[in-house]
2 protein chains.
Amino acid sequence: MPTVSSEELAAAAGVNSAKLRKDFSYLGSYGTRGVGYDVEYLVYQISRELGLTQDWPVVIVGIGNLGAALANYGGFASRGFRVAALIDADPALAGKPVAGIPVRHSDDLEKIIQDNGVSIGVIATPAGAAQQVCDRLVAAGVTSILNFAPTVLSVPDGVDVRKVDLSIELQILAFHEQRKAGEEAAADGAVPATAARKQSAGKGPDGDMPAVMPA
Amino acid sequence: MPTVSSEELAAAAGVNSAKLRKDFSYLGSYGTRGVGYDVEYLVYQISRELGLTQDWPVVIVGIGNLGAALANYGGFASRGFRVAALIDADPALAGKPVAGIPVRHSDDLEKIIQDNGVSIGVIATPAGAAQQVCDRLVAAGVTSILNFAPTVLSVPDGVDVRKVDLSIELQILAFHEQRKAGEEAAADGAVPATAARKQSAGKGPDGDMPAVMPA
DNA sequence: ATGTCTTTGTGAACGCGTGCACAAAGATGG
DNA sequence: CCATCTTTGTGCACGCGTTCACAAAGACAT
(Lines give C-alpha, C1' and ligand atoms only; values in the text may rest on other atoms or scores of the structure.)
Protein backbone atom coordinates (compact mmCIF):
# COMPACT_ATOMS: atom_id res chain seq x y z
CA MET A 1 0.00 0.00 0.00
CA PRO A 2 1.62 3.27 -1.12
CA THR A 3 1.74 5.80 1.70
CA VAL A 4 3.08 9.28 2.43
CA SER A 5 4.10 10.78 5.71
CA SER A 6 3.00 14.22 6.80
CA GLU A 7 6.67 15.14 6.78
CA GLU A 8 7.06 14.31 3.10
CA LEU A 9 3.89 16.12 2.12
CA ALA A 10 4.80 19.14 4.19
CA ALA A 11 8.25 19.34 2.63
CA ALA A 12 6.77 19.10 -0.85
CA ALA A 13 4.18 21.77 -0.15
CA GLY A 14 6.55 23.99 1.77
CA VAL A 15 4.47 24.08 4.95
CA ASN A 16 4.83 22.91 8.51
CA SER A 17 4.13 19.21 9.02
CA ALA A 18 2.23 19.79 12.25
CA LYS A 19 -0.14 22.20 10.56
CA LEU A 20 -0.69 19.74 7.76
CA ARG A 21 -1.50 16.95 10.22
CA LYS A 22 -3.82 19.24 12.14
CA ASP A 23 -5.61 20.24 8.96
CA PHE A 24 -6.01 16.60 7.95
CA SER A 25 -7.35 15.79 11.38
CA TYR A 26 -10.36 18.02 10.70
CA LEU A 27 -11.35 15.61 7.95
CA GLY A 28 -11.02 12.63 10.25
CA SER A 29 -8.27 10.21 11.26
CA TYR A 30 -7.12 8.65 8.04
CA GLY A 31 -3.47 8.18 8.96
CA THR A 32 -1.76 5.14 10.41
CA ARG A 33 0.76 5.87 13.15
CA GLY A 34 4.22 4.70 12.32
CA VAL A 35 3.31 4.47 8.63
CA GLY A 36 1.66 7.60 7.26
CA TYR A 37 -1.36 8.23 5.07
CA ASP A 38 -2.67 5.83 2.43
CA VAL A 39 -2.25 7.94 -0.70
CA GLU A 40 -5.26 6.68 -2.59
CA TYR A 41 -7.63 6.96 0.34
CA LEU A 42 -6.30 10.39 1.25
CA VAL A 43 -6.76 11.71 -2.28
CA TYR A 44 -10.30 10.39 -2.31
CA GLN A 45 -11.21 11.92 1.04
CA ILE A 46 -9.76 15.32 0.15
CA SER A 47 -11.41 15.26 -3.25
CA ARG A 48 -14.72 14.48 -1.65
CA GLU A 49 -14.37 17.18 0.96
CA LEU A 50 -13.54 19.76 -1.70
CA GLY A 51 -16.41 18.66 -3.90
CA LEU A 52 -14.22 17.31 -6.68
CA THR A 53 -16.18 14.10 -6.84
CA GLN A 54 -19.39 15.91 -7.62
CA ASP A 55 -20.51 17.04 -11.03
CA TRP A 56 -21.03 20.79 -11.14
CA PRO A 57 -22.85 22.06 -14.20
CA VAL A 58 -21.94 25.69 -14.93
CA VAL A 59 -23.04 28.22 -17.50
CA ILE A 60 -20.79 30.86 -18.98
CA VAL A 61 -22.55 34.08 -19.95
CA GLY A 62 -20.83 36.43 -22.36
CA ILE A 63 -18.85 34.67 -25.04
CA GLY A 64 -16.29 37.29 -25.98
CA ASN A 65 -12.58 36.62 -25.87
CA LEU A 66 -12.67 35.91 -22.17
CA GLY A 67 -15.76 33.71 -22.31
CA ALA A 68 -14.23 31.75 -25.15
CA ALA A 69 -10.97 31.40 -23.23
CA LEU A 70 -12.89 30.04 -20.26
CA ALA A 71 -14.87 27.64 -22.43
CA ASN A 72 -11.63 26.30 -23.85
CA TYR A 73 -9.91 26.08 -20.50
CA GLY A 74 -9.05 22.47 -19.79
CA GLY A 75 -8.77 22.82 -16.03
CA PHE A 76 -12.51 22.78 -15.49
CA ALA A 77 -13.37 19.24 -16.50
CA SER A 78 -10.62 17.73 -14.34
CA ARG A 79 -12.01 19.50 -11.29
CA GLY A 80 -15.56 18.29 -11.64
CA PHE A 81 -16.97 21.15 -13.63
CA ARG A 82 -19.05 20.63 -16.74
CA VAL A 83 -19.88 23.52 -19.02
CA ALA A 84 -23.61 23.02 -19.41
CA ALA A 85 -24.06 25.94 -21.79
CA LEU A 86 -22.52 29.05 -23.31
CA ILE A 87 -24.85 32.03 -23.42
CA ASP A 88 -24.53 35.32 -25.28
CA ALA A 89 -26.85 38.18 -26.16
CA ASP A 90 -25.53 38.46 -29.70
CA PRO A 91 -27.91 36.67 -32.11
CA ALA A 92 -25.07 36.35 -34.62
CA LEU A 93 -23.24 34.04 -32.22
CA ALA A 94 -26.23 31.80 -31.53
CA GLY A 95 -25.65 28.28 -32.75
CA LYS A 96 -21.96 28.78 -33.47
CA PRO A 97 -19.82 26.28 -31.60
CA VAL A 98 -17.15 27.51 -29.20
CA ALA A 99 -14.93 24.84 -27.70
CA GLY A 100 -17.32 22.33 -29.22
CA ILE A 101 -20.36 23.75 -27.46
CA PRO A 102 -22.98 25.70 -29.41
CA VAL A 103 -23.62 29.19 -28.11
CA ARG A 104 -27.20 29.82 -27.07
CA HIS A 105 -29.07 33.09 -27.01
CA SER A 106 -29.64 34.78 -23.69
CA ASP A 107 -33.40 34.66 -24.20
CA ASP A 108 -33.18 31.02 -23.15
CA LEU A 109 -31.13 31.74 -20.03
CA GLU A 110 -33.80 30.82 -17.49
CA LYS A 111 -34.78 27.65 -19.31
CA ILE A 112 -31.14 26.53 -19.61
CA ILE A 113 -30.53 27.05 -15.90
CA GLN A 114 -33.58 25.10 -14.89
CA ASP A 115 -33.23 22.26 -17.39
CA ASN A 116 -29.65 21.58 -16.31
CA GLY A 117 -30.02 22.25 -12.61
CA VAL A 118 -27.25 24.83 -12.76
CA SER A 119 -26.33 26.47 -9.48
CA ILE A 120 -23.06 28.12 -10.54
CA GLY A 121 -22.86 30.87 -13.16
CA VAL A 122 -19.85 32.58 -14.71
CA ILE A 123 -20.24 36.16 -15.93
CA ALA A 124 -17.81 37.26 -18.63
CA THR A 125 -19.89 40.02 -20.15
CA PRO A 126 -19.01 43.71 -20.49
CA ALA A 127 -19.43 45.67 -17.27
CA GLY A 128 -22.69 47.24 -18.39
CA ALA A 129 -24.52 43.96 -18.77
CA ALA A 130 -23.20 42.19 -15.70
CA GLN A 131 -25.72 43.24 -13.07
CA GLN A 132 -28.65 42.50 -15.32
CA VAL A 133 -27.28 39.06 -16.19
CA CYS A 134 -26.59 38.47 -12.52
CA ASP A 135 -30.17 39.30 -11.56
CA ARG A 136 -31.54 36.91 -14.14
CA LEU A 137 -29.19 34.13 -13.06
CA VAL A 138 -30.19 34.55 -9.43
CA ALA A 139 -33.87 34.70 -10.26
CA ALA A 140 -33.49 31.47 -12.22
CA GLY A 141 -31.97 29.69 -9.24
CA VAL A 142 -28.20 30.24 -9.44
CA THR A 143 -26.69 30.62 -5.96
CA SER A 144 -22.99 31.05 -6.79
CA ILE A 145 -21.57 33.54 -9.26
CA LEU A 146 -18.06 34.00 -10.58
CA ASN A 147 -17.79 37.54 -11.90
CA PHE A 148 -15.10 38.56 -14.38
CA ALA A 149 -16.77 41.84 -15.30
CA PRO A 150 -15.22 44.93 -13.71
CA THR A 151 -18.30 45.72 -11.60
CA VAL A 152 -19.32 45.01 -8.05
CA LEU A 153 -22.48 42.94 -8.21
CA SER A 154 -25.22 43.23 -5.64
CA VAL A 155 -27.01 40.01 -4.79
CA PRO A 156 -29.52 38.89 -2.19
CA ASP A 157 -28.42 37.02 0.93
CA GLY A 158 -27.57 33.39 0.35
CA VAL A 159 -25.91 34.02 -3.00
CA ASP A 160 -22.11 33.86 -3.15
CA VAL A 161 -20.21 36.11 -5.51
CA ARG A 162 -16.52 35.97 -6.23
CA LYS A 163 -15.01 38.72 -8.32
CA VAL A 164 -11.95 38.09 -10.43
CA ASP A 165 -10.09 41.23 -11.36
CA LEU A 166 -7.41 40.33 -13.84
CA SER A 167 -5.50 43.52 -13.13
CA ILE A 168 -5.20 42.95 -9.40
CA GLU A 169 -2.52 40.34 -9.80
CA LEU A 170 -0.59 42.65 -12.08
CA GLN A 171 -1.05 45.34 -9.47
CA ILE A 172 0.53 43.11 -6.85
CA LEU A 173 3.47 42.33 -9.10
CA ALA A 174 3.99 46.00 -9.81
CA PHE A 175 3.86 46.71 -6.10
CA HIS A 176 6.63 44.22 -5.41
CA GLU A 177 8.54 45.45 -8.42
CA GLN A 178 8.43 48.98 -7.02
CA ARG A 179 9.55 47.60 -3.68
CA LYS A 180 12.55 45.95 -5.31
CA ALA A 181 13.55 49.26 -6.90
CA GLY A 182 13.01 51.00 -3.56
CA GLU A 183 15.25 48.52 -1.74
CA GLU A 184 18.15 49.35 -4.01
CA ALA A 185 17.70 53.06 -3.40
CA ALA A 186 17.34 52.45 0.34
CA ALA A 187 20.60 50.53 0.37
CA ASP A 188 22.35 53.84 -0.24
CA GLY A 189 20.96 55.03 3.10
CA ALA A 190 18.97 57.93 1.71
CA VAL A 191 15.38 56.75 2.11
CA PRO A 192 14.17 55.84 5.61
CA ALA A 193 12.76 52.34 5.81
CA THR A 194 9.02 52.55 6.38
CA ALA A 195 7.21 50.07 8.61
CA ALA A 196 5.50 48.72 5.53
CA ARG A 197 8.84 47.72 4.10
CA LYS A 198 9.72 45.48 7.01
CA GLN A 199 8.96 42.21 5.26
CA SER A 200 8.60 41.20 1.64
CA ALA A 201 8.42 37.45 1.47
CA GLY A 202 6.02 37.64 -1.45
CA LYS A 203 4.65 34.18 -0.76
CA GLY A 204 1.11 34.68 0.56
CA PRO A 205 -1.94 35.41 -1.60
CA ASP A 206 -1.37 39.14 -1.43
CA GLY A 207 1.93 39.44 0.38
CA ASP A 208 2.01 42.52 2.53
CA MET A 209 0.24 44.69 0.05
CA PRO A 210 -2.34 47.09 1.45
CA ALA A 211 -5.89 45.99 0.81
CA VAL A 212 -7.57 49.28 -0.02
CA MET A 213 -7.01 51.26 -3.19
CA PRO A 214 -8.76 53.97 -5.13
CA ALA A 215 -10.73 53.20 -8.26
CA MET B 1 -11.62 70.84 1.25
CA PRO B 2 -13.46 67.54 0.86
CA THR B 3 -12.54 65.08 3.58
CA VAL B 4 -13.46 61.61 4.82
CA SER B 5 -13.24 60.19 8.29
CA SER B 6 -11.76 56.79 9.00
CA GLU B 7 -15.20 55.83 10.30
CA GLU B 8 -16.88 56.55 6.97
CA LEU B 9 -14.20 54.75 4.97
CA ALA B 10 -14.28 51.77 7.28
CA ALA B 11 -18.04 51.48 7.04
CA ALA B 12 -17.88 51.67 3.25
CA ALA B 13 -15.16 49.04 3.06
CA GLY B 14 -16.67 46.83 5.74
CA VAL B 15 -13.61 46.87 7.97
CA ASN B 16 -12.72 48.11 11.42
CA SER B 17 -11.96 51.83 11.57
CA ALA B 18 -9.02 51.37 13.94
CA LYS B 19 -7.36 48.95 11.57
CA LEU B 20 -7.87 51.34 8.72
CA ARG B 21 -6.30 54.18 10.68
CA LYS B 22 -3.39 52.00 11.71
CA ASP B 23 -2.83 50.93 8.12
CA PHE B 24 -2.88 54.54 6.97
CA SER B 25 -0.45 55.46 9.70
CA TYR B 26 2.18 53.24 8.09
CA LEU B 27 2.12 55.56 5.10
CA GLY B 28 2.54 58.62 7.31
CA SER B 29 0.27 61.02 9.13
CA TYR B 30 -1.95 62.47 6.47
CA GLY B 31 -5.06 62.97 8.59
CA THR B 32 -6.21 66.03 10.49
CA ARG B 33 -7.59 65.33 13.93
CA GLY B 34 -11.16 66.41 14.35
CA VAL B 35 -11.61 66.58 10.57
CA GLY B 36 -10.48 63.43 8.81
CA TYR B 37 -8.41 62.78 5.72
CA ASP B 38 -8.15 65.10 2.74
CA VAL B 39 -9.60 62.92 0.01
CA GLU B 40 -7.47 64.17 -2.86
CA TYR B 41 -4.22 63.97 -0.93
CA LEU B 42 -5.07 60.55 0.47
CA VAL B 43 -5.85 59.16 -2.96
CA TYR B 44 -2.57 60.53 -4.26
CA GLN B 45 -0.53 59.08 -1.39
CA ILE B 46 -2.12 55.65 -1.65
CA SER B 47 -1.75 55.65 -5.41
CA ARG B 48 1.88 56.51 -5.09
CA GLU B 49 2.52 53.85 -2.46
CA LEU B 50 0.86 51.21 -4.61
CA GLY B 51 2.76 52.27 -7.70
CA LEU B 52 -0.29 53.54 -9.56
CA THR B 53 1.45 56.77 -10.45
CA GLN B 54 4.20 54.96 -12.25
CA ASP B 55 4.10 53.77 -15.81
CA TRP B 56 4.57 50.01 -16.02
CA PRO B 57 5.22 48.70 -19.51
CA VAL B 58 4.12 45.07 -19.82
CA VAL B 59 4.24 42.50 -22.58
CA ILE B 60 1.62 39.84 -23.13
CA VAL B 61 2.93 36.61 -24.61
CA GLY B 62 0.48 34.22 -26.23
CA ILE B 63 -2.33 35.96 -28.08
CA GLY B 64 -5.05 33.35 -28.01
CA ASN B 65 -8.47 34.01 -26.60
CA LEU B 66 -7.08 34.78 -23.19
CA GLY B 67 -4.25 36.95 -24.43
CA ALA B 68 -6.69 38.90 -26.58
CA ALA B 69 -9.06 39.28 -23.64
CA LEU B 70 -6.22 40.67 -21.55
CA ALA B 71 -5.14 43.03 -24.32
CA ASN B 72 -8.68 44.36 -24.53
CA TYR B 73 -9.12 44.63 -20.80
CA GLY B 74 -9.68 48.25 -19.87
CA GLY B 75 -8.63 47.95 -16.26
CA PHE B 76 -4.93 47.97 -17.08
CA ALA B 77 -4.49 51.49 -18.37
CA SER B 78 -6.32 53.02 -15.42
CA ARG B 79 -3.95 51.31 -13.03
CA GLY B 80 -0.75 52.51 -14.60
CA PHE B 81 -0.10 49.62 -16.94
CA ARG B 82 0.77 50.11 -20.59
CA VAL B 83 0.74 47.17 -22.96
CA ALA B 84 4.11 47.67 -24.64
CA ALA B 85 3.69 44.71 -26.98
CA LEU B 86 1.71 41.59 -27.83
CA ILE B 87 3.86 38.61 -28.71
CA ASP B 88 2.92 35.31 -30.30
CA ALA B 89 4.80 32.42 -31.87
CA ASP B 90 2.34 32.10 -34.75
CA PRO B 91 3.71 33.87 -37.85
CA ALA B 92 0.17 34.15 -39.20
CA LEU B 93 -0.72 36.50 -36.35
CA ALA B 94 2.31 38.76 -36.78
CA GLY B 95 1.32 42.26 -37.76
CA LYS B 96 -2.38 41.75 -37.15
CA PRO B 97 -3.74 44.27 -34.67
CA VAL B 98 -5.40 43.07 -31.48
CA ALA B 99 -6.96 45.76 -29.33
CA GLY B 100 -5.26 48.24 -31.62
CA ILE B 101 -1.79 46.84 -31.01
CA PRO B 102 -0.01 44.88 -33.74
CA VAL B 103 1.06 41.38 -32.71
CA ARG B 104 4.77 40.77 -32.97
CA HIS B 105 6.55 37.51 -33.52
CA SER B 106 8.26 35.85 -30.60
CA ASP B 107 11.61 35.96 -32.39
CA ASP B 108 11.74 39.61 -31.38
CA LEU B 109 10.93 38.94 -27.75
CA GLU B 110 14.31 39.89 -26.32
CA LYS B 111 14.59 43.03 -28.41
CA ILE B 112 11.07 44.16 -27.43
CA ILE B 113 11.82 43.68 -23.73
CA GLN B 114 15.03 45.63 -23.89
CA ASP B 115 13.80 48.43 -26.16
CA ASN B 116 10.83 49.12 -23.90
CA GLY B 117 12.48 48.53 -20.54
CA VAL B 118 9.84 45.96 -19.68
CA SER B 119 10.12 44.35 -16.26
CA ILE B 120 6.70 42.68 -16.08
CA GLY B 121 5.59 39.92 -18.42
CA VAL B 122 2.24 38.18 -18.79
CA ILE B 123 2.19 34.59 -20.00
CA ALA B 124 -1.03 33.46 -21.69
CA THR B 125 0.40 30.66 -23.78
CA PRO B 126 -0.54 26.98 -23.73
CA ALA B 127 0.99 25.06 -20.84
CA GLY B 128 3.65 23.48 -23.01
CA ALA B 129 5.23 26.75 -24.06
CA ALA B 130 5.04 28.55 -20.75
CA GLN B 131 8.35 27.53 -19.17
CA GLN B 132 10.31 28.24 -22.32
CA VAL B 133 8.70 31.67 -22.70
CA CYS B 134 9.35 32.30 -19.02
CA ASP B 135 13.03 31.49 -19.37
CA ARG B 136 13.41 33.84 -22.31
CA LEU B 137 11.56 36.64 -20.51
CA VAL B 138 13.77 36.26 -17.45
CA ALA B 139 16.95 36.09 -19.53
CA ALA B 140 15.87 39.30 -21.27
CA GLY B 141 15.50 41.12 -17.97
CA VAL B 142 11.91 40.57 -16.83
CA THR B 143 11.72 40.25 -13.03
CA SER B 144 7.96 39.81 -12.49
CA ILE B 145 5.77 37.30 -14.28
CA LEU B 146 2.02 36.82 -14.26
CA ASN B 147 1.31 33.27 -15.34
CA PHE B 148 -2.07 32.22 -16.72
CA ALA B 149 -0.81 28.92 -18.11
CA PRO B 150 -1.69 25.85 -16.02
CA THR B 151 1.93 25.09 -15.14
CA VAL B 152 4.14 25.83 -12.19
CA LEU B 153 7.04 27.90 -13.46
CA SER B 154 10.50 27.65 -12.01
CA VAL B 155 12.46 30.87 -11.92
CA PRO B 156 15.73 32.04 -10.37
CA ASP B 157 15.78 33.95 -7.09
CA GLY B 158 14.79 37.57 -7.39
CA VAL B 159 12.06 36.89 -9.93
CA ASP B 160 8.44 37.05 -8.74
CA VAL B 161 5.85 34.77 -10.26
CA ARG B 162 2.12 34.91 -9.62
CA LYS B 163 -0.01 32.13 -11.02
CA VAL B 164 -3.63 32.74 -11.91
CA ASP B 165 -5.69 29.57 -12.06
CA LEU B 166 -9.09 30.46 -13.42
CA SER B 167 -10.62 27.28 -12.06
CA ILE B 168 -9.58 27.88 -8.46
CA GLU B 169 -12.23 30.52 -7.94
CA LEU B 170 -14.84 28.17 -9.35
CA GLN B 171 -13.48 25.51 -7.03
CA ILE B 172 -14.04 27.79 -4.06
CA LEU B 173 -17.59 28.55 -5.14
CA ALA B 174 -18.33 24.86 -5.56
CA PHE B 175 -16.90 24.22 -2.11
CA HIS B 176 -19.25 26.74 -0.55
CA GLU B 177 -22.10 25.47 -2.69
CA GLN B 178 -21.50 21.98 -1.34
CA ARG B 179 -21.38 23.41 2.17
CA LYS B 180 -24.73 25.07 1.64
CA ALA B 181 -26.24 21.75 0.58
CA GLY B 182 -24.57 20.05 3.56
CA GLU B 183 -26.01 22.59 5.99
CA GLU B 184 -29.52 21.74 4.93
CA ALA B 185 -28.92 18.03 5.41
CA ALA B 186 -27.25 18.70 8.77
CA ALA B 187 -30.28 20.69 9.89
CA ASP B 188 -32.14 17.37 10.04
CA GLY B 189 -29.69 16.24 12.71
CA ALA B 190 -28.26 13.32 10.79
CA VAL B 191 -24.75 14.48 9.90
CA PRO B 192 -22.43 15.52 12.76
CA ALA B 193 -21.03 19.00 12.30
CA THR B 194 -17.32 18.76 11.58
CA ALA B 195 -14.86 21.28 12.95
CA ALA B 196 -14.34 22.53 9.41
CA ARG B 197 -17.99 23.50 9.22
CA LYS B 198 -17.80 25.83 12.19
CA GLN B 199 -17.68 29.06 10.18
CA SER B 200 -18.53 29.98 6.63
CA ALA B 201 -18.44 33.72 6.32
CA GLY B 202 -17.25 33.45 2.75
CA LYS B 203 -15.71 36.89 2.83
CA GLY B 204 -11.94 36.40 2.84
CA PRO B 205 -9.80 35.55 -0.20
CA ASP B 206 -10.35 31.84 0.25
CA GLY B 207 -12.77 31.59 3.14
CA ASP B 208 -12.12 28.54 5.23
CA MET B 209 -11.32 26.30 2.32
CA PRO B 210 -8.41 23.91 2.77
CA ALA B 211 -5.30 24.99 0.93
CA VAL B 212 -4.05 21.67 -0.37
CA MET B 213 -5.68 19.65 -3.09
CA PRO B 214 -4.71 16.88 -5.47
CA ALA B 215 -3.98 17.64 -9.10
C1' DA C 1 -8.15 83.04 24.86
C1' DT C 2 -10.49 79.35 26.60
C1' DG C 3 -13.51 75.50 26.29
C1' DT C 4 -15.77 72.02 23.81
C1' DC C 5 -16.13 68.73 20.29
C1' DT C 6 -14.56 65.70 16.81
C1' DT C 7 -11.33 62.57 14.96
C1' DT C 8 -6.71 60.93 14.62
C1' DG C 9 -2.78 58.07 16.02
C1' DT C 10 -1.23 54.49 18.95
C1' DG C 11 -0.17 51.83 23.35
C1' DA C 12 -2.02 47.86 25.29
C1' DA C 13 -5.01 43.81 25.61
C1' DC C 14 -7.28 40.27 23.46
C1' DG C 15 -7.98 36.27 20.41
C1' DC C 16 -6.69 33.14 17.00
C1' DG C 17 -3.81 30.54 14.19
C1' DT C 18 0.78 28.34 13.94
C1' DG C 19 4.25 25.50 15.51
C1' DC C 20 6.37 22.84 19.21
C1' DA C 21 6.70 18.86 21.69
C1' DC C 22 5.04 14.72 23.39
C1' DA C 23 1.97 10.90 24.51
C1' DA C 24 -0.64 7.37 22.11
C1' DA C 25 -0.87 4.02 18.54
C1' DG C 26 0.50 0.86 15.59
C1' DA C 27 4.22 -1.56 12.78
C1' DT C 28 8.19 -4.36 12.82
C1' DG C 29 11.84 -7.34 14.47
C1' DG C 30 13.93 -10.36 17.75
C1' DC D 1 5.20 -11.42 23.51
C1' DC D 2 7.98 -7.76 24.46
C1' DA D 3 10.99 -4.04 22.93
C1' DT D 4 11.91 -0.63 19.80
C1' DC D 5 11.01 2.52 16.26
C1' DT D 6 8.28 5.45 13.43
C1' DT D 7 4.62 8.58 12.70
C1' DT D 8 0.18 10.30 13.95
C1' DG D 9 -2.96 13.26 16.58
C1' DT D 10 -3.26 16.99 19.75
C1' DG D 11 -2.66 19.89 24.19
C1' DC D 12 -0.29 23.92 25.01
C1' DA D 13 2.48 28.00 24.46
C1' DC D 14 4.07 31.49 21.67
C1' DG D 15 3.65 35.32 18.40
C1' DC D 16 1.24 38.22 15.40
C1' DG D 17 -2.53 40.76 13.81
C1' DT D 18 -6.86 42.85 15.13
C1' DT D 19 -9.49 45.55 18.09
C1' DC D 20 -10.26 48.41 22.03
C1' DA D 21 -9.81 52.49 24.32
C1' DC D 22 -7.84 56.78 25.24
C1' DA D 23 -4.65 60.68 25.13
C1' DA D 24 -3.18 64.18 21.88
C1' DA D 25 -4.26 67.37 18.37
C1' DG D 26 -6.58 70.43 15.87
C1' DA D 27 -11.12 72.88 14.46
C1' DC D 28 -14.53 75.85 15.74
C1' DA D 29 -17.60 78.55 18.65
C1' DT D 30 -18.02 81.89 22.20
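Chain identifiers are assigned alphabetically (A, B, ...) following the order of the sequence lines, protein sequences preceding nucleic acid strands; residue numbering begins at 1 within each chain.
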Please give, in whole Å, the distance from [N] [atom2] to [X] [atom1]?
{"X": "B:R21", "N": "D:dA24", "atom1": "CZ", "atom2": "P", "result": "16 Å"}
{"X": "A:N16", "N": "D:dC14", "atom1": "CG", "atom2": "P", "result": "17 Å"}
{"X": "A:L27", "N": "D:dG9", "atom1": "CG", "atom2": "C1'", "result": "13 Å"}
{"X": "B:D38", "N": "C:dT7", "atom1": "CG", "atom2": "C1'", "result": "15 Å"}
{"X": "B:F24", "N": "C:dT8", "atom1": "CZ", "atom2": "C1'", "result": "12 Å"}
{"X": "A:Y37", "N": "D:dT7", "atom1": "OH", "atom2": "C1'", "result": "9 Å"}
{"X": "B:E8", "N": "C:dT6", "atom1": "CD", "atom2": "C1'", "result": "12 Å"}
{"X": "A:M1", "N": "D:dT7", "atom1": "CE", "atom2": "P", "result": "13 Å"}

Check your understanding: Does the side chain of B:K19 get closer than 4.0 angstrom to OP1 or OP2 of D:dT19 through an N or O atom?
Key -> no
Practice item. State whether A:T32 places a side-chain N or O below 4.0 Å from either non-bridging phosphate oxygen (OP1 or OP2) of C:dG26. Key: no
Check your understanding: Taking for each residue the nucleotide of DNA chain C with the nearest heavy atom, is it B:G34 or B:A18 whose nucleotide lies nearer the 5' end?
Key -> B:G34
Check your understanding: More than 12 non-hydrogen atoms from neighbouring residues, nucleotides or ligands closer than 6.0 Å to CD on A:Q132, yes or no?
Key -> no
Check your understanding: Quick one: are A:I112 and A:V118 in side-chain contact, heavy atoms under 4.5 Å?
Key -> no
Exercise for review: Determine whether A:I123 and A:L137 make a side-chain contact, defined as any pair of heavy atoms from C-beta on separated by less than 4.5 Å.
Suggested key: yes
Review point. Would B:Y44 and B:E40 count as a side chain to side chain donor-acceptor pair (under 3.5 Å) if you check the C-alpha gap in whole Å, the side-chain angles of each, and the deciding distance to 0.1 Å?
Key: CA-CA 6 Å; B:Y44 168 72; B:E40 192 181 353; over 6 Å; no
Exercise for review: May I ask you to decide whether A:R79 forms a salt bridge with B:D165, counting only side-chain N to carboxylate O separations under 4.0 Å?
Suggested key: yes
Review point. Is there a donor and acceptor pair, one atom on the side chain of B:R33 and one on the base of C:dT8, closer than 3.5 Å?
Key: yes
Check your understanding: Considering only heavy atoms and no angle criterion, is a donor-acceptor pair shorter than 3.5 Å present between the side chain of B:K22 and the base of D:dT19?
Key -> yes
Review point. Where the side chain of A:S6 is concerned, which of D:dT8, C:dT7, C:dT18 is the nearest nucleotide?
Key: D:dT8
